[in-house]
There are 2 protein chains.
Amino acid sequence: MNTDETIRIVIIEDDEVIRNGYAFLIGKEPGLFVVNTYASFELAIKTVQADDPEVILLDIELPGINGIEALPKLKKILPSAYVLILTVYDSEKLIFDALANGASGYLTKNSSASKIVESIREVKEGGGPMSINIARMVVKSFLRNPDSPLSKRETQILELIGRGESRSQIAKELFIDLETVRSHIKNIYMKLDVNSRADALKTARLNKLI
Amino acid sequence: MNTDETIRIVIIEDDEVIRNGYAFLIGKEPGLFVVNTYASFELAIKTVQADDPEVILLDIELPGINGIEALPKLKKILPSAYVLILTVYDSEKLIFDALANGASGYLTKNSSASKIVESIREVKEGGGPMSINIARMVVKSFLRNPDSPLSKRETQILELIGRGESRSQIAKELFIDLETVRSHIKNIYMKLDVNSRADALKTARLNKLI
DNA sequence: ACCAAAATCCCCCTCTAAGGGTGATGCAGC
DNA sequence: GCTGCATCACCCTTAGAGGGGGATTTTGGT
């Protein structure tokens, strides 16, 4: 582990032009040092531990093992390294998969060099840097549909169904009769035009009702 | 709707000292205009529409109807207004509830005046409504336990259980036999030391296995 | 090349829980 | 005075969950 104040950086990116471009732009920044660059995860895995990076810039679209799969393996051999995802795509699933697998931040490739440099410093400070569009997407993913057809009680019960609870467990938890729970579930099914728990949850999550 | 470049602001906050303090600090900022202030949601709801604010600073700890419950009601009568949450607490649940109910940003009360002013301008630009510490919390909330005892397949099946799917639905979806699904579920139960879907989901979500 | 873990499939059993149908009642808001 | 909401009741059938006991093959790591 290095102890001075230089931030050691590794770049894993298959496109040579982009890779060298980033290495150059970051390398000339004071306090930032690009230790090494790799064109694939397979190449990186052999020696990246010796590079001892504090921040890894990781491309998602890699040949062979892709970035998402590479993420937990990288974190395993370098637990304290911060991984910043670089990608041209900004699909919701990709973002959440990356964050779930240990990414510390998420940058789209149209980010300016200064934004990337700023993010590297930020993540080192314990922050969670995200491009504006990513942050907006994450916030949006939390937002519930304010025009839900479901009542308060129905929403509450559907949430418990989402936790895998049975009718009787729900009844106990809400201090109401088993038959009342049944009634609510029937009404939920009617409103959502479904006839099973799985379909109700699918529809509800799709429409951000829960 | 006003068309000039002044940002119209409403403050809903029960503590008179804080309320007036914010109103004063924001009011003297060029381009920001505090149209009105209220001590409770009940007082605000009557006339806030006439105030036509673009940004609402909303306290969470309000007497009567609290901020979280007030949020969707505010958004209903003022759909285009940005709501910034003000609170002394920064619990994960509170933040996610606020975002789920339509908050655009989240500020703790120890934020400096300049930070608040900056946030108001930022949110008005439609951009980065998340402060660094909120982003960090969000990233953390997505992160899965890298030392999960569950195998890839088991995790996948537990996710489908989380969607409320039955054994046979899971079998069809994964192109495997119903009995194979059963085996996996048995192994999941053994590893997590549970004996029901609800308990498995509870344990898994608690330990960020799914 | 080997061992362990993972993934696949098979049959026994019980019985809870889910879902459809058709009601009723009291209460609140408009 | 209607409508939505929340509450509870009893009819019915069948699907599904969970416990127990196996087996085989494929895969990953050293």
Quiz prompt | Base dA17(D) to side chain R167(B), donor-acceptor N/O within 3.5 Å cut-off | solution = yes
Self-check item: Separation of atom NZ in K186(B) from atom P in dG18(D), rounded to whole Å
Solution: 11 Å
Exercise. Find the distance L178(A):CG to dA6(D):P and express it as a whole number of Å.
Key: 18 Å
Practice problem: Answer yes or no: is there an ion pair linking K93(A) with D97(A), defined by an N-O contact shorter than 4.0 Å? | Solution: yes
Self-check item: Distance below 4.0 Å between R153(A) side-chain N/O and dT7(D) OP1 or OP2
Solution: yes
Quiz item: Which residue, E179(B) or K152(B), contacts DNA chain C at a nucleotide closer to its 5' end, judged by nearest heavy atom?
Solution: K152(B)
Quiz item: Which part of the nucleic acid, if any, lies within reach of T180(B) when heavy atoms closer than 4.0 Å are counted: base, sugar-phosphate only, or nothing?
Solution: base
Quiz prompt | Between C1' of dG29(D) and NZ of K76(A), the distance in whole Å | solution = 11 Å
Practice problem: Describe the nucleic acid contact of S183(B) in one word from base, sugar-phosphate, nothing, applying a heavy-atom distance below 4.0 Å. | Solution: base
Quiz item: When we call it a touch if two heavy atoms are under 4.0 Å apart, what does R197(A) touch: a base, just sugar-phosphate, or nothing?
Solution: sugar-phosphate
Quiz item: Do the side chain of Q169(B) and the main chain of S166(B) share a donor and acceptor less than 3.5 angstrom apart?
Solution: yes
Exercise. Grab the CD1-C1' distance between I188(B) and dA5(C) for me, whole Å please.
Key: 15 Å
Practice problem: Indicate whether OP1 or OP2 belonging to dG20(C) is found under 4.0 Å from a side-chain N or O atom of N195(A). | Solution: yes
